[in-house]
Trainee: 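Take this structure first; my questions come after.
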Amino acid sequence: MSLFRPDVDALEGYVPGEQPQESGWVKLNTNENPYPPSPRVVHAIQQASQGRLNVYPDPLGKGFCQAAAELFDLDPEWILPANGSDENLTIIIRTFADKNDLIAYPYPSYILYETLAQIQGTRHARLRLEPDWSWNLKLNRPLIEQSKILFVPNPNSPSGNHWDHDIIRAIVPPAGVLVHDEAYGDFVDEPHRMELLHGESGRQMIVTRTLSKSYSLAGIRFGFCVAHPDLIAGMRKVKDSYNCNTLALAAAEAAIRDQDWMLENRRKILGTRERLENSLTELGFNPVPSQANFVWVTHPTISHEEIYQELKQRRILVRYMNFASAIAASNEHSPATVNGLRITIGTDDEINVLVESLTEIVS
Ligand SMILES: *Cc1c(COP(=O)(O)O)cnc(C)c1O
């Protein structure tokens, strides 16, 4: 006898990347920022911790919303703060998807969309990408048209490529919402300021952002949605009243008010990324040109799992990802390579250590 809901019994559960709690690892597996957050963030947390922790935080996070609204030149009613962008996704599903609704997402992409759809007990579907990670609109059109929620991480993970906004506008479900997951939005060549939300199709779009990656705050757990106030109003009814704590709200507001700090770290990461892509190519790997803070890479002959294990023995963690079994039943439209390594861009020193080890492993 199981006491669980059948949907929970059926669940495999999302498996996050390894998080060793001891030091001594070169950690390039979960797309964290290798640089510390702004000193202003640390100061804001200290200040907030001297304040009134005995009372609940502001349920709407108005200070943060104001700062984000200024950054994107919108009204604060367009912003909804959350306890990490993963909570954005949960709030969106609980707001928009009933049992019989369809939740769709490209595949391979962020696996959590599927897990959350399974927990909610909705129908869900994978939209298969082309081998070069582009969209096949003809193939996927029927599922897109049925979707109540279409999640699109852009840049995509694990591939790191970025789809043009013309494509994004073309795949908005006619009777649903498109969630443009911009977890890596600050790393694209030309970061945008929410222009997708303007214009006709913008009324059915939700942009999600996180402070975990570009703002170096994965430990704080803070993300937010940006959408038309009508959509935000529905989501506010669903979210927990006090979903963001006092310290996180203070940290997040300080972080996005210090754009210079984020942009300087972004500049370093993009420089290191270019160097890594070149080294990988020289070593015989095939990196996908990335617009994120990680690179998806395959090797024509050596087993990716073996490389992952060899690196792990040297206390270097990258993410080995295998999407093959899950789409074995599909057809020739599956990307040719669905297993590979996703490598987070670390500091220059960390990437040097990685490249030295890879040189040994492939030679
Ligand atoms: C990291 C990530 C998230 C979640 O970010 P958190 O704010 O740390 O919860 C959401 N979507 C994608 C595609 C991500 O890579």
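For ligands, and for the atoms within them, numbers begin at 1 and follow the listed sequence. Note that this is a predicted model, so its numbers are computed, not measured. Positions are given from 1, in the same order as the sequence printed here. Worth knowing before you read on, the calculation uses all heavy atoms, side chains too, and leaves out hydrogens, waters and symmetry mates.
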Trainee: For Phe187, is the NZ or CZ atom of Lys213 found under 6.0 angstrom from the centre of its six-membered ring and inside 45 degrees of the ring axis?
Mentor: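 No, Lys213 and Phe187 do not form such a contact.
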
Trainee: Using the side-chain hydrogen bond (donor to acceptor under 3.5 Å, both in side chains) criterion, which residues pair with Asp240? Sequence neighbours excluded.
Mentor: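 In terms of side-chain hydrogen bond (donor to acceptor under 3.5 Å, both in side chains), with neighbours along the sequence ignored, Asp240 is linked to no residue.
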
Trainee: Could you tell me whether Glu200 and Arg169 have a side-chain N and a carboxylate O separated by less than 4.0 Å?
Mentor: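 No, Glu200 and Arg169 are not salt-bridged.
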
Trainee: Check Lys312 with Glu18, please: is the shortest side-chain N to carboxylate O separation under 4.0 Å?
Mentor: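 Salt bridge flag = yes for Lys312 with Glu18.
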
Trainee: Which protein residues come within less than 4.0 angstrom of ligand 1, counting heavy atoms only?
Mentor: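 Residues within 4.0 Å of ligand 1: Gly84, Ser85, Asp86, Tyr110, Asp181, Ala183, Tyr184, Thr210, Ser212, Lys213, Arg221.
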
Trainee: Taking ring-ring contact (aromatic ring centres under 6.0 Å, His included) as the definition, give me every residue that meets it alongside Trp25, ordered by chain and number, with sequence neighbours left out.
Mentor: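 With neighbours one apart ignored, the set is empty.
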
Trainee: Could you name each residue pair satisfying ring pair (Phe, Tyr, Trp, His ring centres under 6.0 Å) that touches residues 47-104, not counting sequence neighbours?
Mentor: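 Matches after skipping sequence neighbours: Tyr56-Tyr242, Phe64-Phe222, Phe64-Phe224, Trp78-His228.
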
